[in-house]
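Each chain gets a letter, A, B and so on, in the order its sequence line appears, and its residues count up from 1.
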Number of protein chains: 2
Amino acid sequence: MEQVGYMSGKPGLDAVFSALSDPTRRAILTKLASGEASVNELAEPFEMSQPAVSKHLKVLERAGLITRGTDRQRRPARLNAKPMKEAVAWLEEFRKFWSSSFDQLDNLLEELKNTDQWE
Amino acid sequence: MEQVGYMSGKPGLDAVFSALSDPTRRAILTKLASGEASVNELAEPFEMSQPAVSKHLKVLERAGLITRGTDRQRRPARLNAKPMKEAVAWLEEFRKFWSSSFDQLDNLLEELKNTDQWE
DNA sequence: GCTTGATATAACCATTAAGTTATGGAACAA
DNA sequence: TTGTTCCATAACTTAATGGTTATATCAAGC
């Protein structure tokens with residue numbers, strides 16, 4: 001068991017990608033990109049109850065993508081994009097890895113092209 | 001209803017982010033980055049049954065991240081990173097809207113945006 | 001103290017997800 | 001033909017998601 005090195009236990013990454021997989025949550029993040037907002041402000045554009053939005057906010061909070069403040073009886077949500085960096089970093093790592101295997105393929109093709117065994 | 005412009009119906013994006021939210025599937029993609037592989041080859045490193053891996057492959061296929069071939073009785077999976085471009089595009093769009101305190105994320109995204117490895 | 005407004009929590013429901021074991025079927029190998 | 005290998009599918013279990021309504025909490029204003 002263990003499978004160390006293959007199954008990277010990256011719960012943060014799981015949570016971030018998972019949070020981003022819902023259109024409502026992406027819309028919430030987009031809205032928050034232009035400034036903090038209260039639950040009701042966030043709920044208003046959606047055909048959705050306030051508790052539903054509160055749940056989405058909790059998901060985003062667990063993923064670290066937002067933080068909650070306190071302003072009188074409001075709990076404004078504020079963006080925190082740092083965790084997205086993890087996601088972008090994974091994509092970047094992946095691209096590099098893929099790209100390098102492409103390079104290998106390129107080399108192989110280069111060899112094949114320059115060999116004379118075809119003639 | 002409709003909520004045009006706010007709730008963008010982007011099922012592809014949903015599927016891609018959702019597919020990436022599972023560590024097993026990310027590991028599978030990483031493995032496939034170095035070349036196509038059969039179901040059993042993919043299943044071997046995991047403590048997981050073959051049907052479970054088949055299910056993961058189906059999820060990846062629905063997201064468009066892999067394609068399946070046929071080679072004798074094998075059904076090799078092959079990477080297709082194009083849909084990841086959607087994800088990168090969303091992140092890039094998001095960064096534009098925000099642009100503040102995104103610090104070095106800018107650089108990473110810049111790299112990701114300008115690469116053609118996704119197609 | 002009472003009411004109102006903003007949010008959280010509880011209880012519930014339906015759907016999907018992720019795993020299992022068991023079975024089926026197609027393609028090879030003998 | 002008879003296995004054997006590779007994979008898919010079915011049926012099932014358990015748990016998580018995403019939504020609802022109803023209720024609780026808690027600060028603010030009267």
Side-chain angles (χ1 to χ4, degrees), chain A residues 1 3 6-7 9-29 31-32 35-63 65-78, chain B residues 1 3 6-29 31-32 36-63 65-78:
Chain A
M1 37 224 91
Q3 303 287 354
Y6 201 70
M7 276 282 298
K10 288 250 170 117
L13 205 45
D14 294 11
V16 170
F17 278 130
S18 183
L20 293 178
S21 74
D22 184 277
T24 301
R25 287 192 292 264
R26 288 198 303 274
I28 288 175
L29 290 173
K31 177 88 177 254
L32 291 178
E36 66 173 34
S38 71
V39 173
N40 281 335
E41 285 164 358
L42 291 169
E44 183 270 326
F46 300 102
E47 287 181 324
M48 196 178 294
S49 65
Q50 168 263 311
V53 172
S54 281
K55 277 194 180 180
H56 281 302
L57 291 180
K58 189 158 281 186
V59 171
L60 290 169
E61 198 176 6
R62 275 210 321 268
L65 288 166
I66 66 168
T67 57
R68 307 298 303 274
T70 302
D71 168 45
R72 299 165 174 276
Q73 68 267 64
R74 303 182 332 129
R75 307 277 326 279
R78 167 175 321 122
Chain B
M1 30 211 95
Q3 302 286 352
Y6 202 69
M7 276 281 297
S8 58
K10 289 250 170 120
L13 205 44
D14 295 9
V16 170
F17 277 130
S18 183
L20 293 178
S21 74
D22 185 278
T24 300
R25 287 193 290 264
R26 287 198 304 273
I28 288 175
L29 290 174
K31 177 90 178 257
L32 291 179
E36 65 173 35
S38 71
V39 173
N40 281 334
E41 286 164 358
L42 290 169
E44 184 270 327
F46 300 104
E47 286 180 324
M48 197 177 292
S49 64
Q50 168 261 311
V53 172
S54 281
K55 276 194 182 182
H56 280 303
L57 291 180
K58 189 156 281 187
V59 172
L60 290 168
E61 199 177 6
R62 275 211 320 267
L65 288 166
I66 65 169
T67 58
R68 307 297 303 274
T70 301
D71 167 44
R72 298 164 173 277
Q73 68 267 61
R74 304 181 332 127
R75 306 278 325 280
R78 169 174 320 125

(request) Take A:Ile66 and A:Arg25, measure what side chain to side chain contact (heavy atoms under 4.5 Å, CB included) needs, and give me the verdict at the end. (result) CA-CA 11 Å; A:Ile66 66 168; A:Arg25 287 192 292 264; over 6 Å; no

Of the options [options], whose atoms approach the side-chain atoms of [X] most closely?
{"X": "B:Lys55", "options": "D:dA11, D:dG19, C:dT7", "value": "D:dA11"}
{"X": "A:Val39", "options": "C:dT9, D:dT9, C:dA8", "value": "C:dA8"}
{"X": "A:Ser49", "options": "D:dT21, C:dA6, D:dC7", "value": "D:dT21"}
{"X": "A:Pro51", "options": "C:dA10, D:dC7, C:dA18", "value": "C:dA10"}
{"X": "A:Arg75", "options": "C:dA18, C:dA8, D:dT9", "value": "C:dA8"}
{"X": "A:His56", "options": "C:dG19, C:dT7, D:dG18", "value": "D:dG18"}

Atom-to-atom span, [atom1] of [X] to [atom2] of [N] - whole angstrom:
{"X": "B:Glu41", "N": "D:dC6", "atom1": "CD", "atom2": "C1'", "result": "11 Å"}
{"X": "B:Asp22", "N": "D:dA16", "atom1": "CG", "atom2": "P", "result": "14 Å"}
{"X": "B:Phe17", "N": "D:dT17", "atom1": "CZ", "atom2": "P", "result": "17 Å"}
{"X": "B:Arg26", "N": "C:dA18", "atom1": "CZ", "atom2": "P", "result": "12 Å"}
{"X": "A:Asp71", "N": "C:dG5", "atom1": "CG", "atom2": "P", "result": "17 Å"}
{"X": "B:Lys58", "N": "D:dT9", "atom1": "NZ", "atom2": "C1'", "result": "8 Å"}
{"X": "B:Arg74", "N": "D:dA8", "atom1": "CZ", "atom2": "P", "result": "12 Å"}
{"X": "B:Arg68", "N": "D:dA8", "atom1": "CZ", "atom2": "C1'", "result": "9 Å"}

(message) With a 4.0 Å cut-off on N to O distance, would you call A:Arg74 and A:Glu41 a salt bridge?
(response)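 Salt bridge: yes.
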
(request) First locate atom CD of B:Glu44, then atom NZ of B:Lys31, and finally report the distance between them rounded to the nearest 0.5 Å. (result) 6.5 Å

(request) With rounding to the nearest 0.5 Å, note down the distance linking CG in A:Leu42 to OG1 in A:Thr24. (result)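 The CG atom of A:Leu42 sits 11.5 Å away from the OG1 atom of A:Thr24.
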
(request) Answer with yes or no whether A:Gln50 presents, from its side chain, a donor or acceptor under 3.5 Å of a partner atom in the base of C:dA8. (result) yes

(request) For A:Ile28 and A:Phe46, run side chain to side chain contact (heavy atoms under 4.5 Å, CB included): C-alpha distance rounded to whole Å, both residues' side-chain angles, the deciding distance at 0.1 Å, then the answer. (result) CA-CA 10 Å; A:Ile28 288 175; A:Phe46 300 102; 4.2 Å; yes

OP1 or OP2 of [N] sitting under 4.0 Å from any side-chain N/O of [X]?
{"X": "B:Ser54", "N": "D:dA8", "result": "yes"}
{"X": "B:Ser38", "N": "D:dC7", "result": "yes"}
{"X": "B:Asn40", "N": "D:dC7", "result": "yes"}

(request) Would you sort out whether A:Leu20 and A:Leu29 count as a side chain to side chain contact (heavy atoms under 4.5 Å, CB included), showing the intermediate values? (result) CA-CA 9 Å; A:Leu20 293 178; A:Leu29 290 173; 3.6 Å; yes

(request) Take nucleotides 25-30 of chain D nucleotide by nucleotide from the 5' end and write B, S or -, depending on whether a protein heavy atom sits under 4.0 Å from the base, only from the sugar-phosphate, or from neither. (result) ---SS-

(message) Please check: side-chain N/O of B:Ser18 versus main-chain N/O of B:Ala15, any donor-acceptor pairing under 3.5 Å?
(response)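 Side chain of B:Ser18 to backbone of B:Ala15: no pair is present.
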
(message) Checking B:Gln50 against B:Val39 for the side chain to side chain contact (heavy atoms under 4.5 Å, CB included) test, could you report, in this order, the C-alpha distance in whole Å, the side-chain angles of both residues, the deciding distance, and whether it holds?
(response) CA-CA 7 Å; B:Gln50 168 261 311; B:Val39 173; 3.9 Å; yes

